[in-house]
Amino acid sequence: MPLRELYQALFELYGPQGWWPVDLNYHNLKGTDPREEIIIGAILTQNTSWKNVERALDNIKSYGELSFRFIRESPIELLKELIKPTGFYNQKAKRLKEFCMLFKSANELENISREELLKAPGVGEETADSILLYAFNRLSFVIDKYTFRFIYRYMGITGNYSELKKTFERQLPKDLQVYKEFHALIDHHAKYFCKSAPRCEACMLKNCLRVGLSF
DNA sequence: TACCAGGTGGGAA
DNA sequence: TTCCCACATGGT
């Protein structure tokens, strides 16, 4: 089944996922930039469940302010304590702080190239694409662990990050909402059904499977 | 108890 | 270039 049809099937099944969740009321009240929350969240969510990221974001909000400025001006030991629920807190605190020293605000990232973003501390391919797509509305498809599994099982396609990224970007319409929703839908589907130990018996899309489940 | 989660970066081969 | 491993908390 072509990617576009898989997207339609997932969308009809689960509806819009509304990524990336940001509390606009909070930012209006504080006068902070919601894009900075997305970027901070993108770094904190690395190899961590979103629930734990929400805990860390709440800790930051309660103690100070969800902004680059707060991260930059806070002592590293305090940052470690606030983001502890996300795991890997030593390296995440260090990289987050370095990132916010390098870029004083989200405004400085508005026109950054993907290549430049990849040079920033704590930013690999997935984080860079998440930032570009969800914070800056740039057409850059995000590939993650779930996507590798999903596209192999449903389309028999394997490859490295950039190969899969090209596949999605070639086959999908150049539509921001499709990019944002498709990535979120794949994650949702993979989290509940297309797990590493798959739950095919309960999966509504099992008839779309193309290959085995050895991924 | 063991595995997995909205990965990255450094070092060895 | 590619592969392997450390990084760490919290849920199932």
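Please read these numbers as outputs of a predicted model, since none were measured by experiment. Order of the sequence lines sets the chain letters (A, B, ...), proteins ahead of strands, with each chain counted from 1.
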Value in whole Å for how far the [atom2] atom of [N] lies from [atom1] of [X]:
{"X": "A/Glu181", "N": "B/dG6", "atom1": "CD", "atom2": "P", "answer": "17 Å"}
{"X": "A/Ile131", "N": "B/dG7", "atom1": "CD1", "atom2": "C1'", "answer": "12 Å"}
{"X": "A/Asp129", "N": "B/dG7", "atom1": "CG", "atom2": "P", "answer": "13 Å"}
{"X": "A/Arg95", "N": "B/dG7", "atom1": "CZ", "atom2": "C1'", "answer": "9 Å"}
{"X": "A/His183", "N": "B/dG6", "atom1": "NE2", "atom2": "P", "answer": "10 Å"}
{"X": "A/Lys180", "N": "B/dG6", "atom1": "NZ", "atom2": "C1'", "answer": "16 Å"}
{"X": "A/Glu125", "N": "B/dG9", "atom1": "CD", "atom2": "P", "answer": "11 Å"}
{"X": "A/Arg149", "N": "B/dG6", "atom1": "CZ", "atom2": "C1'", "answer": "12 Å"}

task: For each nucleotide in nucleotides 7-12 of chain C, reading 5' to 3', give B when a protein heavy atom comes within less than 4.0 Å of its base, S when such contact involves only the sugar-phosphate, and - otherwise.
output: BBBSS-
query: Is the ring centre of A/Trp50 under 5.5 Å from the base ring centre of B/dG6, and are the two planes under 30° apart, so that they stack?
result: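 Stacked: centres under 5.5 Å apart, planes under 30°.
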message: So is the aromatic ring of A/Trp20 stacked onto the base of B/dG6, judging by whether the centres are under 5.5 Å apart and the planes are under 30° apart?
response: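 No, A/Trp20 does not stack on the base of B/dG6, since the centre distance and plane angle fail the 5.5 Å and 30° test.
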- prompt: What nucleic acid atoms does A/Ala120 come within less than 4.0 Å of, heavy atoms only: base, sugar-phosphate, or nothing?
  reply: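 Since only primed, P, OP1 and OP2 atoms lie under 4.0 Å of A/Ala120, the category is sugar-phosphate.
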- request: Just call it for A/Val53: base, sugar-phosphate, or nothing, with non-hydrogen atoms closer than 4.0 Å on any strand.
  value: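 It contacts nothing in the nucleic acid.
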query: Considering only the P atoms, how many Å lie between B/dG6 and C/dC7, rounded to the nearest integer?
result: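 The answer is 22 Å between these two P atoms.
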- prompt: Do we see a donor-acceptor contact under 3.5 Å between the side chains of A/Asn59 and A/Ser62?
  reply: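 On atom types as modelled, these side chains do not qualify, holding no pair under 3.5 Å.
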message: Can you confirm whether A/Lys166 is buried at NZ, in the sense that more than 12 heavy atoms of other residues, nucleotides or ligands lie under 6.0 Å from that atom?
response: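 Atom NZ in A/Lys166 is not packed in, count stays at 12 or less.
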query: So does A/Lys80 have more than 12 non-hydrogen atoms from other groups sitting under 6.0 Å from NZ?
result: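 For A/Lys80, atom NZ is crowded (more than 12 foreign heavy atoms under 6.0 Å).
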query: Is there a donor-acceptor pair closer than 3.5 Å between any side-chain N or O of A/Tyr146 and the backbone N or O of A/Leu185?
result: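 Answer holds: no.
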query: Taking only side-chain nitrogens and oxygens of A/Ser196, does any of them come within less than 4.0 Å of OP1 or OP2 of B/dC4?
result: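 Yes, within the criterion.
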task: Rounded to the nearest 0.5 Å, what's the gap from CG on A/Asp129 to CZ on A/Arg114? Could you check?
output: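 Answer rounded to 0.5 Å: 4.0 Å.
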query: Going by the ring-ring contact (aromatic ring centres under 6.0 Å, His included) test, which pairs reach into residues 57-98 of chain A, not counting sequence neighbours?
result: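 Those involving residues 57-98 of chain A are A/Phe68-A/Phe99.
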task: Between A/Pro121 and A/Pro21, just flag the one whose closest nucleotide in DNA chain B comes earlier from the 5' side.
output: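 Between the two, 5'-proximity favours A/Pro21.
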- request: Using heavy atoms to find the nearest nucleotide of DNA chain B for A/Ala197 and A/Ala128 separately, return the residue whose nucleotide is more 5′.
  value: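 Counting from the 5' end, the first nearest nucleotide belongs to A/Ala197.
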field: Matching residue for A/Val142 among A/Phe168, A/Tyr134, A/Tyr179, A/Phe182 - test: side chain to side chain contact (heavy atoms under 4.5 Å, CB included)
entry: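 Only match with A/Val142 under side chain to side chain contact (heavy atoms under 4.5 Å, CB included): A/Tyr134.
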